Q: 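Attaching a single structure in structure tokens format; questions to follow.
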Amino acid sequence: MAALKPVIYQLLPRLFANYCEAPVADGTLEQNGSGKLNDINEDILASIKALGATHVWYTGVIEHGHDADYTAYGIPRHNRHIIKGKAGSPYAITDYYDIDPDLAVNVPERMKEFEALVKRSHEAGLKVIIDFVPNHVGREYNSDAKPAGIEDFGSRDNREMFFSASNNFYYMPHQQFAPHIDLGSGSDAYVEFPAKATGNDCFTAFPGANDWYETVKLNYGVDYSNHTEHFYPVPDTWFKMLHILRFWASKGVDGFRCDMAFMVPLQFWHWAVPQVKSHYPHVVFIAEIYDVNLYRPFIEYGGFDFLYDKVNLYDTLRAIETQNHSAAMLTNCWQTVDGIQPQMLNFIENHDEQRFASTFYAGDPWRVVPSLVVSTMMSTGPMMIYFGQELGEPASDAEGFSGHDGRTTIFDYWSLSCIRRWLNLGKCHGPLTDSELRLRSIYSRILNMANSEPAIAEGAFFDLMYVNYENPGFNPHRHYAFLRSCDDDLLLIAVNFSDSDADMSINIPQHAFDFLDIPEGIDQNARELLSGAFEAKQLSTTMPFVTRVPAHGAVIWKISRERLSAPVSGSAATKKAAKPKSIKNKKNQSNK
């Protein structure tokens with residue numbers, strides 16, 4: 001059996017399982033509460049699985065800086081002046097070996113509660129992904145849960161040097177940390193001397209309010225004062241991070257989403273990833289990356305399984321939706337990643353991006369279908385959605401630190417109405433609106449097709465745009481069409497980004513028939529997979545494929561090539577139908 005095409009459901013447990021019905025802006029843990037790992041029960045996991053997910057990315061489970069007081073459990077109180085929001089950033093890790101206490105019902109048992117969640121997830125048929133944050137740590141990093149023999153970051157550093165190959169941090173010698181924010185006064189003040197470099201490569205004691213001032217940059221052996229590299233002997237930070245990766249892999253984690261992976265030397269990944277996989281070969285590595293020029297090196301040398309395709313496909317789809325860019329630009333997207341397309345992770349939302357339904361983006365969740373179909377079905381690579389996306393979450397709240405910005409906060413204690421109603425206190429299938437129910441049904445149909453249709457999960461791809469640019473029955477500015485094919489099944493997929501229904505006449509070139517081994521003919525039982533409609537459809541080099549596509553909609557016509565036996569009128573060269581050879585391993589089309 002072929003490996004599943006990954007469909008990843010990202011959720012923040014702190015927000016996802018929080019049932020507070022009236023959270024207040026900038027509220028404390030006592031006021032707004034926090035979701036718990038234990039609340040993500042079997043019914044919830046089964047519902048996520050039924051949506052089409054194969055993986056769950058539990059975001060923000062490792063202990064990070066927060067304002068809540070857990071000193072009664074031996075956990076030091078974090079200074080509120082270097083925490084963003086009351087709940088803090090999940091990417092300001094304060095103990096790589098611990099679970100964030102906000103997520104625990106029984107704080108001393110928090111690691112066991114996480115291990116139980118991993119077990120429940122696996123029993124539900126879902127693999128588990130967590131964050132690995134390699135570039136920086138929280139300002140007050142201090143591990144009280146580290147295994148015996150493990151030393152904290154910076155415990156042996158020479159703080160009199162900006163850079164030393166044996167240091168874990170970068171220092172501003174003889175300078176006190178003085179960012180452009182309030183650090184408090186008296187016993188409440190946060191004091192750091194000498195100042196450490198800030199996580200967004202800010203090598204100064206004076207980071208601004210928009211810098212990642214709550215984090216400290218880790219030293220992997222690059223001297224940023226002269227851009228020299230010191231990788232031999234292997235830096236101490238490398239060994240510490242490899243141990244952390246193996247620690248979480250030993251907990252049953254199936255993959256790591258590696259935060260800002262490109263801000264860490266590629267040589268580290270080349271060294272570390274194979275060592276993790278030698279003990280845990282099933283573990284996958286996903287890179288958050290924003291430079292297409294680094295895509296191939298991070299796969300071929302860095303060893304990553306999947307990469308964010310944010311600056312390529314995501315940005316293009318957003319520009320089509322919000323800036324009137326042409327749908328024809330989608331052809332360039334697959335050409336840019338030709339040969340590595342199966343390693344591209346596609347998405348429309350995640351915790352960093354604005355919600356599709358927000359007024360900052362599309363403003364209407366129902367406009368998502370073309371983008372969702374293209375992201376899910378253009379390649380065999382992974383697809384990811386963000387919790388609440390399938391319900392049209394508009395991110396209309398001003399939660400606190402993050403304000404009203406079209407995103408769901410990662411810094412505040414909060415709760416989402418649509419998620420609360422869907423979860424229904426853990427029973428699932430609660431009182432959603434008719435629109436939310438129908439939207440979730442559309443998501444379910446599309447996401448489940450990612451693996452129920454072999455042509456999508458493992459088939460070949462053929463872009464139909466180059467023969468339709470001057471086609472009067474097709475608008476390449478707002479329409480996009482392509483083929484996916486595997487064994488006996490062929491899918492013709494067309495999407496419509498316009499505000500009007502479209503009667504498309506789609507030309508199919510001879511190259512497509514040759515490349516995909518498609519016989520010409522008429523299928524008396526072609527099925528449109530989104531609507532369930534049946535209709536006779538013809539495939540011909542001389543007659544266009546005709547279909548109606550709703551405004552902001554899509555069609556996915558499934559045609560059995562075995563049944564393409566009826567002659568096509570007017571065809572110059574009618575082909576006899578025959579079962580084609582398998583094309584599972586054919587490379588994606590490369591006509592440019």
Side-chain angles (χ1 to χ4, degrees), residues 8 10 12 57-65 84 88-94 96 129-139 141 153 168-170 196-204 207-208 210-222 224 227 229 235 237-238 240-242 244-245 248 255-273 276 284-299 301-312 314-315 343-345 347 349-354 382 384 386 402 407 410-411:
I8 301 169
Q10 182 194 3
L12 265 75
W57 168 15
Y58 295 115
T59 304
V61 298
I62 299 177
E63 185 183 331
H64 54 270
K84 289 182 176 177
S89 170
Y91 297 97
I93 301 294
T94 52
Y96 275 115
I129 295 170
I130 66 169
D131 289 286
F132 174 56
V133 187
N135 177 63
H136 48 266
V137 296
R139 209 95 217 171
Y141 186 89
F153 289 96
N168 297 134
F169 299 124
Y170 299 91
K196 303 182 188 74
T198 296
N200 58 320
D201 289 359
C202 182
F203 298 99
T204 171
N210 293 324
D211 287 311
W212 304 348
Y213 60 79
E214 79 279 25
T215 69
V216 177
K217 174 80 174 178
L218 282 166
N219 174 5
Y220 281 80
V222 178
Y224 288 94
H227 299 283
E229 297 175 341
T237 302
W238 292 26
K240 283 183 166 70
M241 293 311 245
L242 176 61
I244 289 163
L245 286 165
W248 289 105
F256 296 100
R257 178 268 190 188
C258 300
D259 185 70
M260 305 301 286
F262 62 97
M263 295 183 76
V264 170
L266 185 57
Q267 292 86 342
F268 166 76
W269 300 113
H270 177 75
W271 175 84
V273 171
V276 175
V284 299
F285 283 79
I286 301 168
E288 179 190 17
I289 190 166
Y290 299 117
D291 184 346
V292 293
N293 295 312
L294 296 177
Y295 281 10
R296 284 171 172 80
F298 267 72
I299 292 168
Y301 185 76
F304 277 89
D305 299 281
F306 306 115
L307 313 178
Y308 270 34
D309 195 19
K310 194 271 183 191
V311 295
N312 183 44
Y314 171 88
D315 282 355
Q343 282 76 50
M344 296 295 103
L345 184 149
F347 56 86
E349 293 185 13
N350 64 41
H351 68 276
D352 286 317
E353 307 301 336
Q354 290 169 325
M384 181 173 75
Y386 191 39
S402 62
R407 297 175 177 85
I410 64 170
F411 305 108

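None of these values were measured; they are calculated from a predicted model.
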Q: Is it true that Y308 and R257 share a donor-acceptor pair across their side chains at a distance under 3.5 Å?
A: yes

Q: Fit a plane to each ring of Y224 and H227, take the angle between them on a 0 to 90° scale, and name the class: parallel (under 30°), tilted (30 to 60°) or perpendicular (over 60°).
A: perpendicular

Q: As an exercise, state the distance from NZ of K217 to CG of N200, rounded to the nearest 0.5 Å.
A: 9.0 Å

Q: Parallel under 30°, tilted from 30 to 60°, perpendicular over 60°: which one fits the rings of H351 and W57?
A: perpendicular

Q: If we ignore hydrogens and angles and just use 3.5 Å, is the side chain of D211 paired with the main-chain N or O of G208 as donor and acceptor?
A: yes

Q: Any side-chain donor paired with an acceptor under 3.5 Å for T237 and N168?
A: yes

Q: Tell me whether the centres of the aromatic rings in F132 and F285 are closer together than 6.0 Å.
A: no

Q: Step through it carefully: locate the ring centre of Y314, locate the ring centre of F347, and say whether they are under 6.0 Å apart.
A: yes

Q: Determine whether the aromatic ring centres of residues W269 and F304 are separated by less than 6.0 angstrom.
A: yes

Q: Hey, is the main chain of G221 close enough, under 3.5 Å, to the side chain of N219 for a donor-acceptor pair?
A: yes

Q: Assess the side chains of Y91 and N135: does a donor N or O sit below 3.5 Å from an acceptor N or O?
A: no

Q: Using atom types as modelled and distance alone, determine if a side-chain donor or acceptor of Q343 lies under 3.5 Å from a backbone N or O of F306.
A: no

Q: What's the shortest heavy-atom distance between D131 and Y58, and which atoms?
A: OD2-O, 4.2 Å

Q: Using a strict 4.0 Å threshold on nitrogen-to-oxygen distance, state whether K84 and E214 make a salt bridge.
A: yes

Q: Decide if the gap between the ring center of F262 and the ring center of F298 is smaller than 6.0 angstrom.
A: no

Q: Closer than 3.5 angstrom, by distance alone: can the side chain of H136 be matched with the main-chain N or O of P134 as a donor-acceptor pair?
A: no

Q: In terms of relative ring orientation, are W271 and W238 parallel, tilted or perpendicular, with 30° and 60° separating the classes?
A: tilted

Q: If we ignore hydrogens and angles and just use 3.5 Å, is the side chain of Y96 paired with the main-chain N or O of Y141 as donor and acceptor?
A: no

Q: Under a plain distance cut-off of 3.5 Å, with no hydrogens placed, do R139 and T198 share a side-chain donor-acceptor pair?
A: yes

